[in-house]
Amino acid sequence: MDTAQLILYRNFENQQLLDQTAQLLWGTREGRDVLDPYILANRLIELAANYGFEGNLWHCFLAFCLANHENAYSISCEIRGDQGGTLSRLAKQDLAVIQELYRKDIRILDKLMAGKCVWHELADYKPADSKSRIFNRRIRDRIIELSGALEAAGDIDVFQREVSEFYREFGVGKYGLNKAFRIVDDRHAASIEPVVNVEHVYLDDIVGYELQKKKLIDNTESFIEGREANNVLLFGDAGTGKSSCIKAVLNEYYDRGLRIIEVYKHQFHAITSILEQIQDRNYKFIVYMDDLSFEESELEYKYLKAIIEGGLGRKPNNVLIYATSNRRHLIREKFSDKRELDDELHVNDTVQEKLSLVARFGVTIYFGSPDKRQFQNIVKVLAGRHGIEMDLEELYQEANKWELTHGGLSGRTAAQFITYLLGKSV
């Protein structure tokens, strides 16, 4: 067996570590003469610390390689599972090689280390801290589970089924192992990079705004299920939960293939490149634009208009645009736009140019500030969730005093007040 025989599973991110450890395990002459088992052990330990692996680090490493490798077979399996055909048969040949590596006992490498029991420790690794700096805990745990399932697989058919089911459930590569992404743009090329720590907020955590949430849910579910869906603009007062609703939608529908890419307005010129990178993947992508607004002198909105609707290129079916804004019309307007004696001859054209951007969002959802009664209800619900025991009238009194000096009536102000109370009680 030789990793050079692999057809689809080539050019891993940690290819050298895979090749060199495999040579040692298979006992090739070159491996015994020139490879350093101390260096290889160090690399496995560093990966374990970085990704939060535990147990048999060699098995975790192989599972990570399979979960993170984008190739023709793994991409065809993401969200849909094994589709059969030639790719499946070729993948089985590659996976047979990797299964052989699973069957190798890394403890035999201690004989190359002057009697030290290093690889025995790596076969049953117990980290001081199981947190992962790269994945969320759920993904880290699933990779460890995949590692155990592959170790227990009796034959290549079971082995391949475990791998393809992982791709179907989680996907593959950075899109499979992460929820959210941002654009890194150096003006020469735009790349999509993962956002590791995504806030764990869910729709039930947002108190009130039931009609707004339902409207957003209905549109998102249509999108996830492959039916027609609209781009969405969430607009209204500050601190009312617009951005939290977008994050909550991601967390609610992530396991059904939803991913989100955050884009800032200075990056709008790169959106076409981003759409080309994601249009053939089996996920649903929301391009997310937070706090969207434009001054009169800013012309980036023209890029956005063309992308949403009107350019020669067609927006992929697996992409929607969700934006939040404190402005209803997004682009600042002046009274001079509407004065009859303006310098421009066709005044109405100027006004329509500015209003047409909002018209290209098929769904607009308004989030208004709560009234006093609604604000008090938000405070009461949040206090209950956090176990704050206080007389209700006293709670409302303190909340009212807080909002007068901390931004007024809003869900954000209520949450900040609860944080203040929790800090006092420690």
Side-chain angles (χ1 to χ4, degrees), residues 179-180 198-254 256 258-265 268 271 284-294 301 304-305 307-310 315 317-333 354-371 373-375 377-378 381-382 407-415:
K179 295 180 180 181
V198 180
E199 185 178 358
H200 293 287
V201 58
Y202 292 85
L203 289 167
D204 288 342
D205 298 331
I206 302 167
V207 183
Y209 300 99
E210 298 304 324
L211 292 177
Q212 291 89 335
K213 289 189 289 186
K214 184 178 186 308
K215 202 171 181 180
L216 185 62
I217 289 170
D218 289 345
N219 192 75
T220 304
E221 288 194 344
S222 293
F223 180 48
I224 295 296
E225 292 169 4
R227 294 181 278 116
E228 294 297 320
N230 282 294
N231 301 305
V232 180
L233 172 65
L234 290 72
F235 73 97
D237 300 317
T240 51
K242 301 182 295 294
S243 299
S244 294
C245 278
I246 302 292
K247 297 171 189 174
V249 161
L250 171 65
N251 289 320
E252 297 280 358
Y253 295 100
Y254 159 70
R256 294 172 63 183
L258 185 66
R259 303 293 184 267
I260 194 166
I261 303 173
E262 186 171 25
V263 183
Y264 299 101
K265 63 184 177 183
F268 283 176
I271 292 182
K284 301 291 186 179
F285 291 93
I286 289 175
V287 175
Y288 170 46
M289 302 168 184
D290 191 29
D291 197 17
L292 188 62
S293 65
F294 302 91
Y301 73 91
L304 182 55
K305 283 174 60 178
I307 291 162
I308 296 178
E309 182 184 346
K315 181 167 61 65
N317 291 330
N318 65 333
V319 176
L320 281 184
I321 295 174
Y322 281 16
T324 68
S325 179
N326 294 338
R327 292 182 186 173
R328 172 65 176 85
H329 289 148
L330 299 182
I331 305 168
R332 185 183 294 278
E333 296 178 80
K354 294 184 174 183
L355 294 179
S356 63
L357 176 57
V358 172
R360 300 190 184 201
F361 288 90
V363 173
T364 54
I365 307 175
Y366 174 64
F367 285 72
S369 292
D371 60 26
R373 182 181 57 81
Q374 292 168 332
F375 174 75
N377 182 60
I378 294 172
V381 172
L382 293 180
L409 300 170
S410 73
R412 179 183 296 155
T413 303

Give the C-alpha distance, both sets of side-chain angles, the deciding distance and a yes or no for side-chain contact (heavy atoms from CB on, under 4.5 Å) between F223 and L258. CA-CA 9 Å; F223 180 48; L258 185 66; 4.1 Å; yes

Among N219, L233, V232, find the residue that satisfies the side-chain contact (heavy atoms from CB on, under 4.5 Å) test when tested with I365. V232

Drop me the distance from E252's CD to I224's CD1, to the nearest 0.5 angstrom. 11.5 Å

By side-chain hydrogen bond (donor to acceptor under 3.5 Å, both in side chains), which residues pair with N318, not counting sequence neighbours? none

Quick one: do S369 and F375 satisfy side-chain contact (heavy atoms from CB on, under 4.5 Å)? Show the steps, please. CA-CA 9 Å; S369 292; F375 174 75; over 6 Å; no

Distance in Å, S325 OG paired with K242 NZ, rounded so as to fall on 0.5 Å steps: 8.0 Å

Review item, side-chain donor-acceptor pairs of residues 203-211, under 3.5 Å, at least two apart:
| unit_1 | atom_1 | unit_2 | atom_2 | d |
| --- | --- | --- | --- | --- |
| D205 | OD2 | Y202 | N | 2.8 |
| Y209 | OH | G368 | O | 2.7 |
| E210 | OE2 | K213 | NZ | 3.3 |

All heavy atoms of S410 vs all of A238, minimum pair found to be CB-O, 3.8 Å

side-chain hydrogen bond (donor to acceptor under 3.5 Å, both in side chains) involving K215 - partner list, sequence neighbours excluded: none

Sequence neighbours excluded, which residues qualify as side-chain hydrogen bond (donor to acceptor under 3.5 Å, both in side chains) partners of R227? S222, E225

Please identify each residue that fulfils side-chain hydrogen bond (donor to acceptor under 3.5 Å, both in side chains) with Y253, with sequence neighbours left out. E221

Could you state the interatomic distance from CG (L216) to CD (Q212), rounded to the nearest 0.5 Å? 10.0 Å

Rounded to the nearest 0.5 Å, what separation is found between the OG atom of S243 and the CZ atom of R412? 7.5 Å

Reported CG-to-NZ distance for the pair N251 and K179, which is rounded to 0.5 angstrom: 4.0 Å

Taking side chain to side chain contact (heavy atoms under 4.5 Å, CB included) as the definition, give me every residue that meets it alongside K247, ordered by chain and number, with sequence neighbours left out. E199, V201

Ring centroid separation for F367 and F235, is it under 6.0 angstrom? no

Side chains of Y254 and R259 in contact at under 4.5 Å (non-hydrogen atoms): yes

The single option from D290, T220, N231, N230 that satisfies side-chain hydrogen bond (donor to acceptor under 3.5 Å, both in side chains) with Y322 is T220

Is it true that a side-chain atom of T324 and a backbone atom of L234 form a donor plus acceptor pair closer than 3.5 Å? no

